[in-house]
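Shown next, in structure tokens, is the structure this report addresses.
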Amino acid sequence: MIHKWMASLLIWVVLCIASAHAQEKPIAELFAQPVLESALMPDSQTLSQIARMNSASKEMALVQYLHSKFAETLIEGVLEDFAQRQAIKVDQQLKRAFVERFEQQILQETVNDDTAANTAKVNEIADTQVRHWQINKALYEKFGGVVIFKQNNPQFPVGAYETLLKQYQQAGKLKIFDDRYRAVFWEALEPPYSFEIDPANVNFDTPWWLETKVAP
């Protein structure tokens, strides 16, 4: 009897959650799939950490997190589609060079004593970084545009990103319904830019980890 009651309760909870999501209006749509604000929400521990790191209230930290997560969700989805259409795969030679340069640094920041897990982490980071650079290179070669310096990306082709994303928007693959999210999303990609790189100094022939020295 108790098991039947628990099963009924579980079904009721699932139906309530499904009903709540069904009633929630999407703030965007990517490839005909709704993007819900509830799906972007951080847990309470993450939110507290963000607030402390930025010396901000939880309310302000939540707004910043949601806009960042929203942009990340849309951009990563579009970039992945672009990469597949361009048949971009991780260049193994560039990956080996990345691992050679950063493996010890990554391992020093890892507390896991599991050798296999550490190796997997190094490979995962290398795959992500190398493929991301290859995508940026392909975007710049295809669209050109303004390139800026970012702390986590020495050559960020912001102009190419904006062109690509607007193409997807015009094709109906990317739709932003919420005015607040739409304004912040596009504003981050439009001028004026900080740390704009002179076109004469833009060079995607060699990835950044083969050009710069690792800080001691």
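- By the side-chain hydrogen bond (donor to acceptor under 3.5 Å, both in side chains) test, Asp127 pairs with Lys95, sequence neighbours left out.
- When the side chains of ILVMFWY residues are joined at heavy-atom separations under 4.5 Å, either directly or via intervening members, Val147 and Trp208 end up in a single hydrophobic cluster.
- Of all non-hydrogen atoms in Leu47 and Pro42, the two that sit nearest each other are CB-CG, 4.3 Å.
- Proximity of Glu190 to Val158: side-chain heavy atoms (C-beta onward) are nowhere separated by under 4.5 Å.
- Of the N and O atoms on the side chains of Thr115 and Asn118, not one donor lies less than 3.5 Å from an acceptor on the other residue.
- There is a path of hydrophobic side-chain contacts, each under 4.5 Å, that joins Leu74 to Leu40.
- Below 30°, between 30° and 60°, or above 60°: for Phe185 and Phe70 the angle between ring planes is above 60°, a perpendicular geometry.
- Val146 and Ile75 end up in the same hydrophobic cluster when Ile, Leu, Val, Met, Phe, Trp and Tyr side chains are linked at under 4.5 Å.
- Taken together through direct or relayed side-chain contacts under 4.5 Å among Ile, Leu, Val, Met, Phe, Trp and Tyr, Trp186 and Phe143 form part of one hydrophobic cluster.
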Taking distance alone, no hydrogens or angles, what donor-acceptor pairs closer than 3.5 Å link side-chain atoms of residues 160-169 to residues at least two apart or in another chain?
{"from": "Tyr161", "atom 1": "OH", "to": "Asn136", "atom 2": "OD1", "distance (Å)": "2.6"}
{"from": "Glu162", "atom 1": "OE2", "to": "Lys166", "atom 2": "NZ", "distance (Å)": "3.0"}
{"from": "Thr163", "atom 1": "OG1", "to": "Gly159", "atom 2": "O", "distance (Å)": "3.1"}
{"from": "Tyr168", "atom 1": "OH", "to": "Asp81", "atom 2": "OD2", "distance (Å)": "2.5"}

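- Partners of Glu124 according to the salt bridge (Lys or Arg N to Asp or Glu O under 4.0 Å) rule, which considers only residues two or more places apart in sequence or in another chain, do not exist here.
- In terms of hydrophobic clustering, with Ile, Leu, Val, Met, Phe, Trp and Tyr side chains grouped at heavy-atom distances under 4.5 Å, Leu94 and Val90 are assigned to a common cluster.
- Atom CD of Glu80 and atom CG of Leu30 lie 11.5 Å apart (nearest 0.5 Å).
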Can you give each donor-acceptor pair under 3.5 Å made by side-chain atoms of residues 191-205, sequence neighbours left out, with the distance rounded to 0.1 Å?
{"from": "Tyr193", "atom 1": "OH", "to": "Leu189", "atom 2": "O", "distance (Å)": "3.0"}
{"from": "Asp198", "atom 1": "OD1", "to": "Ala200", "atom 2": "N", "distance (Å)": "2.8"}
{"from": "Asn203", "atom 1": "OD1", "to": "Asp205", "atom 2": "N", "distance (Å)": "2.8"}

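- For Glu72, the salt bridge (Lys or Arg N to Asp or Glu O under 4.0 Å) partners are Lys69, not counting sequence neighbours.
- Side-chain contact check for Val99 versus Ile125: every heavy-atom pair is 4.5 Å or farther apart.
- Every side chain to side chain contact (heavy atoms under 4.5 Å, CB included) that Gln93 has, sequence neighbours left out, goes to Asp91, Arg96.
- Put simply, OG on Ser38 and CG on Leu66 are 10.5 Å apart, with the number rounded to the nearest 0.5 Å.
- The shortest heavy-atom contact between Gly77 and Phe31 is O-CE1, 3.6 Å.
- Checked against side-chain hydrogen bond (donor to acceptor under 3.5 Å, both in side chains), Glu141 has the following partners two or more places apart in sequence or in another chain: Lys137.
- Scored by the side-chain hydrogen bond (donor to acceptor under 3.5 Å, both in side chains) test, Gln45 finds no partners at all (sequence neighbours excluded).
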Side-chain polar contacts of residues 171-181 - donor-acceptor pairs under 3.5 angstrom, sequence neighbours left out - could you list them?
{"from": "Asp178", "atom 1": "OD1", "to": "Arg180", "atom 2": "N", "distance (Å)": "2.9"}
{"from": "Asp178", "atom 1": "OD1", "to": "Arg180", "atom 2": "NE", "distance (Å)": "3.1"}
{"from": "Asp178", "atom 1": "OD1", "to": "Tyr181", "atom 2": "N", "distance (Å)": "3.3"}
{"from": "Asp178", "atom 1": "OD2", "to": "Arg180", "atom 2": "NH2", "distance (Å)": "2.8"}
{"from": "Asp179", "atom 1": "OD1", "to": "Arg182", "atom 2": "NH1", "distance (Å)": "2.5"}
{"from": "Tyr181", "atom 1": "OH", "to": "Glu37", "atom 2": "OE2", "distance (Å)": "2.6"}

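- Atom CZ in Phe98 sits 4.5 Å away from atom CD in Gln129 (nearest 0.5 Å).
- Atom CD of Glu100 is surrounded by 12 or fewer heavy atoms from other residues, nucleotides or ligands within 6.0 Å.
- Side-chain rings of Trp133 and Phe156 stay apart, their centers remaining 6.0 Å or farther from each other.
- The side-chain heavy atoms of Thr46 and Asp43, taken from C-beta on, include a pair separated by under 4.5 Å.
- Separating the CD atom in Glu187 from the NE2 atom in His67 is a distance of 10.0 Å, to the nearest 0.5 Å.
- Residues that satisfy the side-chain hydrogen bond (donor to acceptor under 3.5 Å, both in side chains) test with Thr73, not counting sequence neighbours, are absent from this structure.
- Proximity of Pro26 to Val35: side-chain heavy atoms (C-beta onward) are nowhere separated by under 4.5 Å.
- With sequence neighbours excluded, the residues satisfying side chain to side chain contact (heavy atoms under 4.5 Å, CB included) with Ala97 are Trp209, Leu210.
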Under 3.5 Å, which donor-acceptor pairs link side chains of residues 51-61 to any protein atom two or more places apart or in another chain?
{"from": "Asn54", "atom 1": "ND2", "to": "Ile50", "atom 2": "O", "distance (Å)": "2.8"}
{"from": "Ser57", "atom 1": "OG", "to": "Met60", "atom 2": "N", "distance (Å)": "3.1"}
{"from": "Lys58", "atom 1": "NZ", "to": "Ser48", "atom 2": "OG", "distance (Å)": "3.3"}

